[in-house]
Amino acid sequence: FSYVVFAGEITVVGEVNDTHQIVADRQIYEVAVTAKGDDLVMNYMAVKVMVEGTVEEKEDMKIITVKSFKVVPE
């Protein structure tokens with residue numbers, strides 16, 4: 001069975017890793033397949049970004065649906 005444990009708005013600051021996930025505060029977020037999510041993971045790998053979106057937890061994964069993002073200066 002696959003079910004949603006929780007869903008909510010969130011803002012995270014982290015980096016996109018080479019497996020197209022966002023790593024923020026030692027937490028890994030899978031990125032939902034959307035136009036904004038695809039833009040983020042394809043064009044901003046290893047860049048520090050602030051991401052706003054909705055997070056759902058399914059089994060042991062957190063999945064973020066990106067609503068907006070911006071590059072954070074180092």
**Prompt:** Checking side-chain contact (heavy atoms from CB on, under 4.5 Å) for the pair E56/M61: CA distance, chi angles, key distance, verdict?
**Reply:** CA-CA 8 Å; E56 295 180 43; M61 294 188 319; over 6 Å; no

**Request:** Answer yes or no: is there a side-chain heavy-atom contact under 4.5 Å between V55 and K62?
**Result:** yes

**Asked** Taking the side chain from N43 and the backbone from D39, do they hold a donor-acceptor pair closer than 3.5 Å?
**Response** yes

**Prompt:** V47, M45: one ILVMFWY side-chain cluster at the under-4.5 Å cut-off?
**Reply:** no

**Prompt:** Passes side-chain contact (heavy atoms from CB on, under 4.5 Å), I63 versus K58? Steps please.
**Reply:** CA-CA 8 Å; I63 303 166; K58 292 185 180 178; 4.1 Å; yes

**Asked** What are the two closest heavy atoms between V12 and A24, and how far apart are they?
**Response** CB-CB, 4.1 Å

**Request:** List the atom of H20, the atom of V31, and the distance in Å for their closest heavy-atom pair.
**Result:** O-CG2, 3.8 Å

**Request:** Run through T54, I22, L40 and flag the one making a side-chain contact (heavy atoms from CB on, under 4.5 Å) with I64.
**Result:** I22

**Carboxylate-amine/guanidinium contact E9 K67, below 4.0 Å** = yes

**Item:** Summary of ring pair (Phe, Tyr, Trp, His ring centres under 6.0 Å) pairs that have at least one residue in residues 44-74, sequence neighbours excluded
**Value:** Y44-F69

**Request:** Not counting sequence neighbours, list each pair that qualifies as a side chain to side chain donor-acceptor pair (under 3.5 Å) and has a residue in residues 24-34.
**Result:** Q21-E30

**Item:** Hydrophobic cluster of M50, others only, ordered by chain and residue number, side-chain cut-off 4.5 Å
**Value:** V13, V72

